[in-house]
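To start, the structure under review is shown below, and the notes come after it.
Values reported hereafter were calculated over all heavy atoms of this structure, with side chains retained and with hydrogens, waters and symmetry mates removed. Here the structure is a predicted model, which is why all the values come from computation and not from measurement.
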Amino acid sequence: MRYDLVIFDNDGVLVDSEPISNRLLAAYLTELGHPTSYEDSLRDYMGAAMHRVHDLIRERTGQELPADFDEVFHGRVFAAFERDLEPVPGVVGVLEKLAADGVPYCVASSGSHERIRVGHRKTGLDRWFDEGRVFSAEDVGRGKPAPDLFLYAAERMGVAPGRCLVVEDSPLGVAAAVAAGMDVLGFTAMTPAEKLAGAGRLFGDMGELADLLV
């Protein structure tokens, strides 16, 4: 294999959470007087840490979101995850192959550690990701598109950035990987290919990924 570490984004790459979370985010922002469609949420917030939601609302309206915004939103998301969340089809096969081949891998997500863990427990992916393989934007302060999270994950895993491959499905994540000096594969299941143009290669079915890793 050409790489010493495969770094997965979480939402939309490992767990099929983007439709759930973006519908809930759009509904909650609209409820608070900031009309937002599902498509708006995907465009503005997919792949981003929560601080981006606060930052954009502040920039656009001059208003602050409620102090308990994150807590209320995550409560709604976690409840929906417990009902509806599934792993991305095909991703278990990819993890099985990486493990069988002895290839190091980890997850580096804009979501909180709690969000990652809730999703992994529900989908059964927790068996593939012990604590040493889980990295969150909470660990670095600046989320994607800054490269900080990917660089931190590589450092903690003991791999040089140039030896890492990132699997991403959002423009912000692709930009972060490129800024970190890492190769990146763009997963187009939910994102139009043209929006992931910065990725080295694109693929639309997670079942294809194992062949792209050799």
Side-chain angles (χ1 to χ4, degrees), residues 3 5-25 42 45-51 53 70-140 143-144 148-150 152-159 164-170 172-173 176-177 184-185 187 189-191 203 205-210 213:
Y3 302 97
L5 177 66
V6 178
I7 304 177
F8 291 95
D9 176 42
N10 188 57
D11 294 292
V13 172
L14 295 176
V15 295
D16 195 16
S17 53
E18 293 291 9
I20 297 171
S21 58
N22 281 282
R23 286 192 181 95
L24 290 171
L25 180 57
L42 289 176
Y45 306 120
M46 182 174 167
M50 286 302 295
H51 67 76
V53 182
D70 291 11
E71 179 182 358
V72 172
F73 174 63
H74 283 132
R76 296 180 183 185
V77 168
F78 296 163
F81 280 3
E82 291 296 340
R83 294 191 305 269
D84 303 322
L85 189 63
E86 299 289 342
V88 168
V91 79
V92 170
V94 174
L95 295 172
E96 288 174 341
K97 178 173 175 52
L98 291 174
D101 292 346
V103 177
Y105 63 88
C106 65
V107 57
S109 172
S110 294
S112 66
H113 278 282
E114 184 182 13
R115 177 186 174 116
I116 298 167
R117 282 301 175 205
V118 168
H120 284 192
R121 283 195 301 268
K122 171 59 171 62
T123 58
L125 294 184
D126 53 344
R127 63 172 292 207
W128 300 100
F129 292 92
D130 56 37
E131 288 298 331
R133 298 179 190 263
V134 177
F135 305 101
S136 162
E138 289 181 324
D139 299 326
V140 295
K144 305 167 189 178
D148 305 36
L149 175 56
F150 287 136
Y152 176 75
E155 179 183 12
R156 290 291 302 274
M157 296 292 290
V159 177
C164 297
L165 176 69
V166 175
V167 183
E168 265 287 355
D169 72 330
S170 76
L172 294 175
V184 55
L185 294 176
F187 183 42
M190 278 197 61
T191 307
F203 68 105
D205 184 332
M206 190 57 69
E208 303 171 33
L209 180 57
L213 294 176

Provide the full list of ring-ring contact (aromatic ring centres under 6.0 Å, His included) pairs with a residue in residues 80-102, sequence neighbours left out, each pair given once.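 ring-ring contact (aromatic ring centres under 6.0 Å, His included) check on residues 80-102 returns no pairs.
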Salt bridge (Lys or Arg N to Asp or Glu O under 4.0 Å) against [X], all qualifying residues, sequence neighbours excluded:
X	answer
Arg76	Glu31
Asp148	Arg142
Asp169	none
Glu131	Arg117

Does the side chain of [Y] come within less than 4.5 Å of [X]'s, by heavy atoms?
X	Y	value
His120	Trp128	no
Val94	Val6	no
Leu95	Leu125	yes
Val15	Asn10	yes
Leu213	Val103	no
Val118	Glu82	yes

Output the distance between atom [atom1] ([X]) and atom [atom2] ([Y]), rounded to the nearest 0.5 Å.
X	Y	atom1	atom2	value
Leu185	Glu208	CG	CD	10.5 Å
His74	Ser112	NE2	OG	4.5 Å
Ser110	Tyr45	OG	OH	14.0 Å
Glu18	Ser170	CD	OG	7.5 Å
Asp11	Asn22	CG	CG	9.0 Å
Leu24	Ser17	CG	OG	11.0 Å

Kindly give the heavy-atom pair with the smallest separation between [X] and [Y], and that separation in Å.
X	Y	result
Met206	Val13	CE-O, 3.4 Å
Ala177	Val184	CB-CB, 3.9 Å
Gly102	Pro104	O-CD, 3.5 Å
Cys106	Phe129	C-CE2, 3.9 Å
Ile7	Ala153	CD1-CB, 4.5 Å
Val159	Cys164	CG1-SG, 3.7 Å

Aromatic ring pairing Tyr105/Phe8, orientation class (parallel under 30°, perpendicular over 60°, tilted between):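 Tyr105 and Phe8: perpendicular rings.
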Contacts of His113 meeting side chain to side chain contact (heavy atoms under 4.5 Å, CB included) (sequence neighbours excluded), chain-then-number -> Val134, Ser136, Glu138, Asp139
Donor-acceptor check, side chain of Lys122 to backbone of Leu85, threshold 3.5 angstrom: yes or no?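 Indeed, once roles are kept as given, a pair shorter than 3.5 Å links the two residues.
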Going by atom types only, do Arg115 and Ser21 share a side-chain donor-acceptor pair under 3.5 Å?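 A donor-acceptor contact under 3.5 Å links the two side chains.
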